[in-house]
Amino acid sequence: MTNSETKATLSFSDGSPSLELPIYKGTVGPDVIDIRKLYGATGKFTYDPGFMSTAACNSSITYIDGDKGELLYRGYPIEQLAVNCDFLETCYLLLNGELPNQAQKDEFVATVTKHTMVHEQMQFFFRGFRRDAHPMAVLVGTVGALSSFYHDSLDISDKHHRDVSAIRLIAKLPTLVAMAYKYSIGQPFVYPRNDLSYSANFMRMMFSNPCEDYKVNDVLVRALDRILILHADHEQNASTSTVRLAGSSGANPFACIAAGIACLWGPAHGGANEAALQMLEDIQKQGGVERIGEFIAKVKDKNSGVKLMGFGHRVYKNYDPRAKLMRETCYEVLNELGLHDDPLFKLAMALEKIALEDEYFVSRKLYPNVDFYSGIVQRALGIPVSLFTGIFAMARTVGWIAQWNEMISDPEQKIGRPRQLFVGSPTREVPPMSKRG
């Protein structure tokens, strides 16, 4: 952070003395007012539900400008990374701050690949879950359980331990996600193969079985790889903030990532693409493309309670930069698999066309977002809807770990302890039982 030449002066109408507060400048983005001395000097807190106007940390990992529709990983535009890099290159960038050269990439890929297997005893954890358990419930439990196997990398004050834990988490998440899927459908687990890429290996673990091996399709593998890149990090969102808050207590990295997965599970966060696809399926049941006009009319009616899922974004007030890339990938996958006549995909394209042309949606900047397209792509890849958020967790793990590691290394880091505006009863005496109404 850089000190600004200007200061902020906070004055009070109740006669309390004014307070001068320092202002800091980031590399890009809005300045921040440092309020750390506010309570000590005035006895007052700030009130900011949702932390929409509060910077809880300083970070050099990801930057978003919602008004411009801009997303940068370590300064690189997401549009360039998704086209010119693969997922593990992006992981290296997020973890280390710079893109790898060829030798660095080869070493990183080899290290991740050698850690993709999970301990054989993990199978017994899966047997403790019902077959119909939601994959996110399974992931919360199994990722947290990893800490019981890797006591050799739990010292968070040791950089080497943190680096080893990062590799283990990035490497093992695809294996655990695939195991959760296989367990849910009653098929045997498929072990990873070291001769395949990160995304190809995951798809093989998902879709091969002892009777028939998976044939790698480069178009489909690249589509999954792009999904992972686009979801790898997204600044201080709810799950990332959860990981940082859990980590601020000194919790081990596996526990922190499990906490992030639990937060991501929420339909307002990682479940958005699942909700978008569910919306499409509901419209299809009501008549499909022929009835889409009726659905749009309900969306425009504030009293109907019908929402347009997969459109607009809380942060982006312009076109989500990830959505354009995911849209291209969507059409590539549909072309490769010949799915343009699939009723659900035809419905999605019709809804997209209306939203991009209808003045009601354009004026409100309700553009299709990344969740709308990624749900369609994952369905085309054969990934069940219940696993969509698990794929999201697999992608976001590297971002969580990068943010967690940055937090641990920050000399200004303190245990998270938000304040509150208390509106309950003031101090009162406990009445005897006979006088309680």
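These figures come from a predicted structure and were not determined experimentally.
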Step by step, would you call Ile261 with Trp400 a side chain to side chain contact (heavy atoms under 4.5 Å, CB included)?
CA-CA 10 Å; Ile261 292 171; Trp400 289 332; 3.6 Å; yes
Above 12 or not: heavy atoms from other molecules or residues under 6.0 Å from [atom1] of [X]?
X	atom1	answer
Arg131	CZ	yes
Glu98	CD	no
Ile33	CD1	no
Lys307	NZ	no
Tyr360	OH	yes

Tell me the closest heavy-atom pair linking [X] and [Y], and the distance in Å.
X	Y	result
Ser374	Met326	N-CG, 3.6 Å
Leu81	Ile229	O-CD1, 4.2 Å
Ala395	His231	CB-CB, 3.7 Å
Gln403	Ser59	OE1-OG, 3.8 Å
Ala232	Arg396	O-CD, 3.4 Å
His119	Tyr150	N-OH, 4.1 Å

Measure the [atom1]-[atom2] distance between [X] and [Y] for me, rounded to the nearest 0.5 Å.
X	Y	atom1	atom2	value
Asn101	Glu89	CG	CD	10.5 Å
Thr142	Met122	OG1	CE	5.0 Å
Tyr73	Ile78	OH	CD1	4.0 Å
Leu196	Arg204	CG	CZ	6.5 Å
Thr175	Phe189	OG1	CZ	11.5 Å
Leu71	Asp65	CG	CG	10.5 Å

Please determine whether side chain to side chain contact (heavy atoms under 4.5 Å, CB included) holds for the pair Asp86 and Ser197, giving the CA-CA distance in whole Å, both sets of side-chain angles, and the decisive distance to 0.1 Å.
CA-CA 10 Å; Asp86 61 29; Ser197 71; over 6 Å; no
[X] side chain near [Y] side chain, heavy-atom distance below 4.5 Å:
X	Y	result
Tyr367	Asp320	no
Leu277	Gln378	no
Tyr63	Glu70	yes
Gln286	Glu294	no

Working note: Asn209 + Val190, criterion side chain to side chain contact (heavy atoms under 4.5 Å, CB included); need CA distance, chi angles, decisive distance, verdict.
CA-CA 7 Å; Asn209 61 63; Val190 177; 5.8 Å; no
Check: [Y] main-chain N/O paired with [X] side-chain donor or acceptor under 3.5 Å:
X	Y	answer
Tyr76	Leu93	no
Ser239	Leu264	no
Asn369	Phe372	yes
Thr329	Leu325	yes
Asp358	Ile354	no
Ser248	Gly416	yes

Side chain to side chain contact (heavy atoms under 4.5 Å, CB included) partners for His160, two or more places apart
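His160 satisfies side chain to side chain contact (heavy atoms under 4.5 Å, CB included) with Asp158, Val164 only.
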Among all residues two or more places apart in sequence or in another chain, which pass the salt bridge (Lys or Arg N to Asp or Glu O under 4.0 Å) test with [X]?
X	result
Glu212	none
Asp371	none
Glu352	Arg327

Look at the rings of [X] and [Y] and say which category their plane angle falls in: under 30° parallel, 30 to 60° tilted, over 60° perpendicular.
X	Y	value
Phe87	Tyr198	tilted
Phe108	Tyr92	perpendicular
His134	Trp265	tilted

Identify every side-chain donor-acceptor pair in residues 110-118 under 3.5 Å, counting partners at least two apart or on other chains, and give the distances.
unit_1, atom_1, unit_2, atom_2, d
Thr111, OG1, Glu107, O, 2.8
Thr113, OG1, Val109, O, 2.7
Thr116, OG1, Thr113, O, 2.9

Under 4.0 Å between a side-chain nitrogen and a carboxylate oxygen: does that hold for [X] and [Y]?
X	Y	value
Glu336	Arg222	no
Asp152	Arg168	yes
Glu79	Lys324	no
Asp410	Arg244	no

Quick one, Gln121 with Phe149, criterion side chain to side chain contact (heavy atoms under 4.5 Å, CB included). Give me CA distance, side-chain angles, the key distance, then yes/no.
CA-CA 9 Å; Gln121 283 185 259; Phe149 291 97; 3.9 Å; yes
Find out whether the Lys NZ or Arg CZ of Arg364 is both under 6.0 angstrom from the six-membered ring centre of Phe311 and within 45° of the ring's axis.
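No.
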For Ser199, side-chain hydrogen bond (donor to acceptor under 3.5 Å, both in side chains) partners two or more places apart
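Checked Ser199 against side-chain hydrogen bond (donor to acceptor under 3.5 Å, both in side chains); matches are Asp225.
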